[in-house]
Structure formats: structure tokens, C-alpha cells
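Contents: one structure, followed by commentary.
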Amino acid sequence: MAGIRTVLIIDSNGSDRGIVAGFLEEYYNVIDTGSIKEAYSILSASTGGIVAVILDITKDDSYGEEMLHFIKEREKLSRIPVIMTADTESEETEISALSAGASDFLYKPYSPVIVKKRLDNIISLNENASIANDVQKDHLTGVYSEEAFCQKAAKILEENPLAEYAVVYSDIENFGLIKDLFGENASIANDVQKDHLTGVYSEEAFCQKAAKILEENPLAEYAVVYSDIENFGLIKDLFGENAGNNILVYMARVFKHFIGRDELCGRMEADHFVLFLKYDKEALNENLESVVKIINDFPISMNIMLRFGVYKIEDSNMPVHAMTGRALVTVETIRGMYGQYVAYYNNKIWEKQVHEQEIINCMEDALKEKQFMVYFQPKYDIGSERVAGAEALVRWQHPLKGFMNPAEFIPLFEKNGFITELDKYVWDTTCGYIESWIKNGYPVVPISVNVSRTDIYNPGFIEIILGIIRKHNLEPEHIHLEITETAYTDNPKQIIEVVKQLKLIGFVIEMDDFGSGYSSLNMLNELPIDILKLDMGFVQGDMGTNSNNILSFIIGLAKWMDYAVVAEGIETEEQIQMLRNMDCNFVQGYYYAKPMPPDEFEAYMLRHNVLDKIDEIHAGNIEGIKFKKSQGVMLIVDDLALNRKILSKSFSSYFQIVEKENGADALEYVKENYKNIDVIMLDLVMPVMDGFTFMKHLGSDKRYKDIPIIVTSQGGEKSVEKSFELGATDFVEKPYNLRIILHRVQNAVIASRK
Ligand code: C2E
Ligand code: CA
Ligand code: CA
């Protein structure tokens, strides 16, 4: 594999060079030289690994310009940012360097920390700019997409008001005939082997090429690596499809950077990439660690949870897709294991596959022999800390294998369909217990049972569950149905239909593991559910440094849509305190009680305070709006429907809401209606016209200057600074905290009314 990103340091002063090189070596691959001549030959020979040049011009500032010209005039080098350094401050030199194309200027003696910081900023700015450039290009031909063409043309027109331009449209009249004669792929045969979005190999091409390399290098050792972003679905939901695509493009770039001769990168589907690499465990570990770091430099305020499964090729005659299959099984072994990002295929995984086969062989007998047991874990109302419900969780007491937790067998049963049988058994057993508790006069709370998606696809499902309820003389209110989030995204229409009917009959529906990976926040308000049960990862802080923001955003959103919220996996007092502050309704976790066998649970219920009626709890509201309802308009400008929905729902009782999907539409609206607008909520990244351009337009017309603009976007010092420069009244970071945004709007509107 090729090295990490390279920084070239050119400085004739050896000791200065050494200081910076020594410091940067920890983060970058550093090449340093004291000779300008050598620098030229290094640059000429570069094949793309150089990400920045640090050039000292203390001795002779004529080097500077020559070197800059050299770099900027060559296609393959022109994007490399150049930072110049000198030992005496001179405004003149600095300005001339910057205007000749230098990215930054630093003076000696420099602080290595500042050099590193500036360097990081410039490199990431440059990399992101080139990604942004790439997604605007047509995949096949590399020229601008229609959208980008229009934007760029508009910009040129704006900047050159006096020049005359024309638009030319071209068309090949006999293109159809050409395609018929020579075939669609005549000229693009090479391209169809590539993944359109990221430019790496498609699955098919990857397998073919890998097989060929293996054949040609029978003695070399290779490995197949499978990569997966565990929280990709959530990232797309929170930051948009575009952000998701940009991450994939960025990832492909990072992977390609690490790929050497006779090594390959391919994309399977969604966020899954495969790598075919020469096997060297130490280098591989090091490189994967760097990849994780670099990918997490992507400017987004959430951890990108990368996982890798490595399969070292033992038998090169095995079909390549079987190898990627093994790498996939391997990556699955660390799914949900936070903090662990690489797994190697080993004997254990092989043994596990054998063990799984044994489980499948004996599952039916186990059910007949009643080896399965139901445990109960209480749920609490967070305010009163009284028991408000419980979840039924299955256990397997195997005569030879011993006590097994569901993680060992439920996923298998979900794959082979046996789960429907087991679930029926669990529901029936659970209802049997409830019936006996009622008979004995014990306190009774609703018991949540787990429902797999296979259960819901079963056309007889509603009849089955109603049959069980009736058999035990119960009402639907006695049980809650926990349906995993993934079920909703698989076949939303069918699930929604079934769930609607279940609700009509009187069942309470909980969405389980919300946010675990394939959530679709956008779908949330179409789902007929009552309770949202958050994925354990949120509370346990595994979603990154920003997970509290995201947690409070999601709880806020859920409350706004009138869902009650359950948090599970609660293990500490601090977690409870935090959730209480966020207005969460229910909690479940080891802190209060572990899942316990039925007799223990009965005793537990007799000893503890139990909530009488679930209805006592209402989804709370966010208080604190002091300003009066206005006749005026809140203009919401955001390309993501979900974001608009949240804001419009939050503010519809205070303003008339108008929504626009981009800056251009919003601008049209402002021109006609500026007198009625109380406040503008503005996203920054939007197609057609972005938020900055929109603000520029507003700023150029005095009539609009009193309209408060609240920018709502991902943070980053640059965007905040630039927003304020362009006249924003305030800046609220996404994901929003609804409380904060209410206060900001309140302040902005009141201030502007004075
Ligand atoms: P789940 O529905 O998300 O259930 C919550 C899991 O978290 C349970 O694991 C529970 O024991 C565990 N848990 C509870 N509190 C804490 C805590 O404070 N910390 C930690 N680290 N874990 C906590 P369990 O019982 O091993 O069940 C695993 C999964 O198996 C369940 O996840 C559920 O998806 C599935 N499952 C269990 N019973 C059934 C069943 O009867 N039918 C179906 N279809 N699935 C079931
Ligand atoms: Ca559950
Ligand atoms: Ca869960």
C-alpha cells in the first residue's frame, strides 16, 4: 500500500526544516529538502501523494514565485496548496505571494502547533473543495452537470456585468443510430466496470480483477478487506443524501490513496467497500487506523463508525466472492462493538459457523421440550421512578450448551424464519403470565414483546396475536409490540398498513432500536407508532463526541411528534440525569434491574412502586416562548424536507410558515413579500442557490436589511464567520436543539421589532 499523505518541506535552513519535519512526521509523511533543484524533481516525479508544500523564501524570495508558477501551471500539481515561510515580516512579500497563488504565509520562528493547525485547515479545505467540485461533474464525461452549469454561468454573469455571452446547445442528430451500430458501450466499456458515484470498481469487476491478480502472482500473500459504516443511515438522515454521497466519494479517494500496484478497491453497495491488498498485518493495521482517522476528518459533526473485516486468502482457488463473503462475515462479528474497528477472519469465526449449524439442527426439539424461557426487565417512568412496564426477553436453557442469550440465536432464527415460531411461543408464554398475575391480584403493567419483521410479513399475524390475547382473556392494552426500526425501512408500505390496523385494534406500538443504522427520520411522521425506543448506542455515548446533541435532537423531535421516548441500556445515575434534562419519558437498564425470571419479577413487582395507568404520562412540551403570535411570516429555506418540517411544526402557532427548498426560490419570495417577513431560517448548503449567495443578494438591497436571518447549518468556524459577515443575525448549529432555536428566534425577532 502507498504511504499516507505527504507534505513537502523546502527550506535551506536545516535546523528549521528539522523542527517542522520532526513535528509533522507524526501526522504526515514528510519529505524535506534544502535544495530547490531537488524540490523541482520531487514535484515532477509526484504521482499525487503530495498534499501540501511548505516553502521557505527567507534567503531568496524569487524562488517563491517561480515555484508557485511551476506548481500552478501543471495539471497534476495545480491543486496542491503552498504555504510560504520567511523570517522577517514583510507585508509586501506576503501580499505578492498570496496573490500569486500561495495559500498561506507564516513567519519564523514558528510555533509547530500553528504550522500544523494551518496546514490541516488548508489541506482539508482543499480536499473538500475538490470533492465538491467532483460531485458537480457529470459522471460519464467529467463536464459540469446541468445544475452546476447553470450555477456557474449565473456566477460568471454576475461577476462580469459588462461582458457579452451566449449559450450554445449541442445535439447529435444521429446519436441513436450510432448507438445502434456501435453499441452503447462502444466507447465506455472501461467505465461501466466502475462504480458511478465513487469511480472505484464495481463488485463484478473487482472480483474479476482480483482473480486475475491471484492467478498471475501465485506466490504472493493477499487479503480481502470489507468495510462498513455502521451508522451510515443515520448520517444520511441527519445531514442529507448529498452528505452521504460526499462521504462515499471521500472514502473512495482515501482508499485509492492507500492502494498500491496490484491492489484494488471496489464498492459493493451502499456504504460497503472492498479492498484487495497485499497481506502484511502490521502495515494493514497501521493503514486501517490512518484510514479511520482520515475519514473521520470529513467535516461532519458525527463520528463515522467504520468497521473492517479482513480475510487473509489461504486458498487462491476459492471464488473471490466467497472471499468477500468471509470478509463480510468477519466484519459482522464486530457490529455494535463500539471502539473495535478491525476483525480478522479466524478459526473462531469458522467454529462459530459450525456452532450455528448445530443450533439450527436442534431448534425445533428445543421448542417442543420447552427449553426456551421468558425473562422480564422492568421499565420506569423517569419522573416518578415507578415501574411503568416491562420487556419480555427470551433465554435458552440448552441441555448441553448451557444458558444462551438471544444474541446467539435470534439473528439465525431471523434468517431462517424459525423466529415466527419462537415469537409465537414467547407471546403465548408472556400472556399466560399476565393472566396469572391478574388472577392472583398482582400489580400488572403492560409487557412489551418483541416482534420481528418476518412476523409482520406473515399474512396471519394479526389473527395469531389476537388469538393469543383472547385465549388468555386479555385485552390488547396488556401488551406493547416492539417492532425493530429496520422493519420499517425494508418495506415501509406493508409495515405501515399492518401497524395501522394493530393500532386500531388497540395495541400500543413501540419502534425499537431507533437510530441503530437504517433509520429514516424523514419517514417518522408517517409512522403510526406511539413510542420511540432509542438505540442503546445513543445513551452509551458511542455515537461520538456529539452524541448528546444528537440524542437531545432526536428526543426533541420525537416529543414534537407526540411520541413518548424510552431510553434503554441505562447503567449510570449520570445517564438518567442527562435523559431527565432532555425530557425523556421512560428508562430501562441494568442501573434499575436486569432481565429476571418470572418468579423474581413477580416478587419485584410486589416490592416496588408501580404506575397505575400509562395515560398518566404525556409527552411533554417545550415551554419558554414568550413572544406573541404574529401575523408575519417565518420563511424556512432548507432543501431537506425533514428540517423544514421540524421548524414549521415548532413555529406554526407563532408565525405563518412559508417553506422554500433553495435560495433562488426564497429570493423570489422575498422580492414579492419582504414586508410581511418576520424572520428567515436559512440553511447554507442547498442546490441551485446556497445560503451564502442568498444572503449576498439580500445584503445588496436596503429594503431587506431589517429582516432577521437565522442561519441553521452544520458548524465550523468558517461558516459561522462568513454567515455573520454576510449579515446573519444568528447561527444555530445542526442538528438543532429545539429549545435553543426557540430562544434564538425569540431574541432575533424581538430585537428586530425594536
Ligand atoms: P432488544 O430488544 O434491544 O433488547 C434489549 C437488550 O438490551 C436485551 O438484551 C437486554 O437484556 C439488554 N439490556 C438491558 N439493559 C441493559 C443495560 O443496562 N446495558 C446493556 N449493555 N444491555 C442491557 P437481550 O435480552 O440479550 O436481547 C437481545 C436482543 O434479542 C433484543 O434486543 C431483541 O432484539 C432480541 N430478542 C430478545 N427476545 C426476543 C424475542 O422474544 N423475540 C424476538 N424477535 N427478539 C428477541
Ligand atoms: Ca426490544
Ligand atoms: Ca432495543
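Side chain of T693 to main chain of M689: no donor-acceptor pair is present (N/O by atom type, distance under 3.5 Å, no hydrogens or angles).
With contacts defined as side-chain heavy-atom distances shorter than 4.5 Å, the pair K533/Q588 qualifies. Inter-residue side-chain proximity for I636 and I680 is flagged as unmet; no heavy-atom pair is nearer than 4.5 Å. In this structure, I570 and Y590 have side chains that are not in contact, with every pair of non-hydrogen atoms separated by 4.5 Å or more. Side-chain contact between L481 and V508 is absent, with no heavy atoms from C-beta onward closer than 4.5 Å. By the 4.5 Å heavy-atom criterion applied to side chains, L635 and V658 are counted as neighbours. Annotation: side chain of I709 is in contact with side chain of L698 (closest heavy-atom distance under 4.5 Å). Side-chain contact between L551 and M578 is present, with at least one heavy-atom pair separated by less than 4.5 Å. In this structure the side chain of V732 never reaches within 4.5 angstrom of the side chain of V711, judged on heavy atoms.
The ring pair (Phe, Tyr, Trp, His ring centres under 6.0 Å) check on Y669 picks up nothing, with sequence neighbours excluded. Applying the ring pair (Phe, Tyr, Trp, His ring centres under 6.0 Å) rule to F461 yields the partners W427; only residues at least two apart in sequence or on another chain are considered. Among residues two or more places apart in sequence or in another chain, the ring pair (Phe, Tyr, Trp, His ring centres under 6.0 Å) test is passed with F273 by F255.
Between F655 and the choices V745, V633, I677, the side chain to side chain contact (heavy atoms under 4.5 Å, CB included) rule is met once, by V745. Evaluated for a side chain to side chain contact (heavy atoms under 4.5 Å, CB included) with V566, the options L534, V587, I531 yield exactly one hit, I531.
By the 30° and 60° cut-offs, the orientation of the rings of Y654 relative to F651 is perpendicular. Taking the six-membered ring where the residue is Trp, Y704 and Y674 present perpendicular rings, their angle passing 60° and hence far from 30°.
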